[in-house]
Every structure is written in C-alpha cells, then in structure tokens.
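Each remark here refers to the structure printed beneath this line.
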Amino acid sequence: MRSFSLVLLLTMSPVAAAAQDWPPGEGATWLHMGAVDLQIAPHSSKGVQLWAVTSATRTKDSPRSYIAGFDPALVEPWLDQAGSVVYFDGPAPGDSAQALATPGLMASDGSQLAILRKRKGHGWATDVTVIFLDPTDQRSWSFTASNGEAREFLQAFLAQEGMSHFVPGGVTTADEPVNPFRLDVPPALLSRPQVFYPDLLIGEPREEVLVSLTFVVGTDSLAEPGSITLTRPVDTRFAKRAIRAIQEARFRPGMLNDKPVRTRVFQQVDFRFH
C-alpha cells in the first residue's frame, strides 16, 4: 500500500513585529544544520533576509521558524564581532566570564540574531549557539551548530550582504504576508487531498521522501499558487504531487487582531512506501 502524510510545520507565536514578505531568494544560499534549515538571500528593500525553520521530522520539539531582514550597514560590523566569537582560539580568562557572545544584530522587525560560545574548562566549546531573539524575549529560540557550520553561516551572511543592493526605506506594501512571529493564531491545515506515492522505475529504491515547501496562505483559506516554492531539490515526480496537494488543501488562515491575514508558512509532505 502506498501512503501519504502531510506534516504541518506551524507553531508560530504572536510578537510585536513588522510584516515581512519572504519571496523565493534569487541567488540565495541554503544551509542545513542538523534539525534546522536556513536560507540567506539579498533583497533590495529588506536587506539581508534570513529564514530559519526546524524540521518536524528531525526534532522532538515543536517546530519553530524565524524570518527577518537586516540592514547591510549593520550586518558587516556585526559579522566582525561574530567572527571574533566563532574564530577565537585563546584560553578562557580567569574571571567569571561564562561565554563569548555577540550583541544582538537588530532586524527591521525588532527581532535580533546573536551567536554565543560557552566556556569549557580553560578554553571554549567548539560548538556555537545561534539565538533568535524576539522583541519581548518570551519566545526566543536557538540551535547548536558546529564551529565549521558557524563559519559557513557567517561567510554566507557576508556574501549575501554584498549582493543586497539595499535601498533604505525601499518600497513595501501593506498587504505583505505577516511575519509568523506576529500572529495571534497560526494557520492550520483543515483538509487535504488523497495523494499517492508515484510510480517508480524497476530497481529504484522505495524509500521515504520528504518534500519541504514554503507558500503563502491567503485569507481565502487557500495557498496562493504563485507563492509555492520548494525549499530543497527533490525528484520532480514527488515535487509535482506535493505542490498539487498544497494547491488543493484548505487551511485556517493566520489571525492577527481578530482578522485573517496572509501568512507565509512552511510545510512538509511526507511520502512513505509500504
């Protein structure tokens, strides 16, 4: 029997933050760090955009996400401080210092990004903690990356900062999808179509395939067709069926101030062959 399951990647929380769109990034950098997927992309009116989401299939915790845009003028000096944390190889001082940490890099919505390295004996741990801070500090979250992954993250941030062609005060629209941190009530999957595992060629492995997508749920309870984007490369046979499933699914829209709003969401379609 062939089966299909739709895993909802949404546990988004309200926070005082500005609305921000997350269009597919032209020339974006994708990073996969354990249970967290990240995209860093340039944008003319939002600067350096960072998207991070945890995978519901790779972590026991509730899925979390973060979307923010950063002024490139702030990014470069912050990267110097982040580099001093990540690359530092000296002994730990004999005082009460417990960690190396950057100040928060302020995003345009008031949220922040910080990097921390904990003390370990007379030196410093090789792992680095990447922290996403919301303005109220009530729903902040973090993940751990290896030192090599942290360096790759900083290098990607620097590369995208140089390509953003940022124009302060760039044009935005009032109808942009709402930052998920800002929602009072997150979107929810209400119904889904029946989708089957695609036919494979003789000899092809029958294995679980996970298709990850991002799209905008409109106030009409539907995914906006032009907004559906794969977040990872995948076999087109699975991709087409996953996209069709999203197009035919019905959602409860995200709610803000008792009104439905357009919301950028992250979704996984899990194909399992039995």
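Note that this is a predicted model, so its numbers are computed, not measured.
The side-chain heavy atoms of W124 and F88, taken from C-beta on, include a pair separated by under 4.5 Å. Residues L105 and V75 are in side-chain contact: their nearest non-hydrogen atoms beyond the backbone lie under 4.5 Å apart. Side-chain atoms of I67 and L50, non-hydrogen and from C-beta on, never get closer than 4.5 Å to each other. Side-chain contact between I40 and Q49 is absent, with no heavy-atom pair separated by less than 4.5 Å. Inter-residue side-chain proximity for P103 and Q81 is flagged as met; some heavy-atom pair is nearer than 4.5 Å. Looking at L116 and L100, their side chains never come closer than 4.5 Å, going by heavy atoms from C-beta outward. Side-chain contact check for P260 versus M255: some heavy-atom pair is nearer than 4.5 Å.
The aromatic rings of F157 and F153 sit tilted relative to each other, their planes meeting at an angle between 30° and 60°. The aromatic rings of W141 and F132 are tilted relative to each other, their planes meeting at an angle between 30° and 60°. By the 30° and 60° cut-offs, the orientation of the rings of F215 relative to F251 is tilted.
Residues that satisfy the salt bridge (charged side-chain N to carboxylate O under 4.0 Å, His left out) test with E152, not counting sequence neighbours, are absent from this structure.
A single hydrophobic cluster is seen to contain both L79 and L74, as judged by linkage of ILVMFWY side chains at heavy-atom distances under 4.5 Å, directly or through other members. Side-chain heavy atoms closer than 4.5 Å link hydrophobic residues (I, L, V, M, F, W, Y) into clusters, and following such links, even through other members, never connects L222 to L213.
Note: F271 and F196 fail the aromatic proximity criterion, with ring centroids not under 6.0 Å apart.
Without hydrogens or angle criteria, R206 side chain to E204 main chain gives a donor-acceptor distance under 3.5 Å. Remark: side-chain polar atoms of E248 are not paired, donor with acceptor, to backbone N or O of A245 under 3.5 angstrom.
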Before giving the answer on side-chain contact (heavy atoms from CB on, under 4.5 Å), spell out for E208 and D270 the whole-Å C-alpha distance, their side-chain angles and the decisive distance to 0.1 Å.
CA-CA 7 Å; E208 181 179 3; D270 190 5; 2.6 Å; yes
Determine, step by step, whether T102 and W78 satisfy the side-chain contact (heavy atoms from CB on, under 4.5 Å) criterion, reporting the C-alpha distance in whole Å, the side-chain angles of both residues, the deciding distance to 0.1 Å, and the verdict.
CA-CA 8 Å; T102 69; W78 181 83; 3.4 Å; yes
What's the verdict on side-chain contact (heavy atoms from CB on, under 4.5 Å) for V269 and L210, showing C-alpha distance, side-chain angles and the deciding distance?
CA-CA 6 Å; V269 179; L210 191 66; over 6 Å; no
When you look at V86 and R117, which way does the side-chain contact (heavy atoms from CB on, under 4.5 Å) test go after all the steps?
CA-CA 7 Å; V86 172; R117 228 172 130 196; 5.7 Å; no
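With 3.5 Å as the limit, one finds a donor-acceptor pair spanning the side chains of T29 and Q160.
One distance of note links OH of Y87 with CZ of R151; it measures 5.0 Å at 0.5 Å rounding. Of the inter-residue distances, the one linking F143 atom CZ with T54 atom OG1 reads 10.5 Å to the nearest 0.5 angstrom.
Atom CD of E76 is surrounded by 12 or fewer heavy atoms from other residues, nucleotides or ligands within 6.0 Å.
Nearest heavy-atom pair, V36 versus A52, reported as atom, atom and distance to 0.1 Å: CG1-CB, 4.3 Å.
Under the side-chain contact (heavy atoms from CB on, under 4.5 Å) rule, L113 has a single partner from I131, L133, V130, which is V130.
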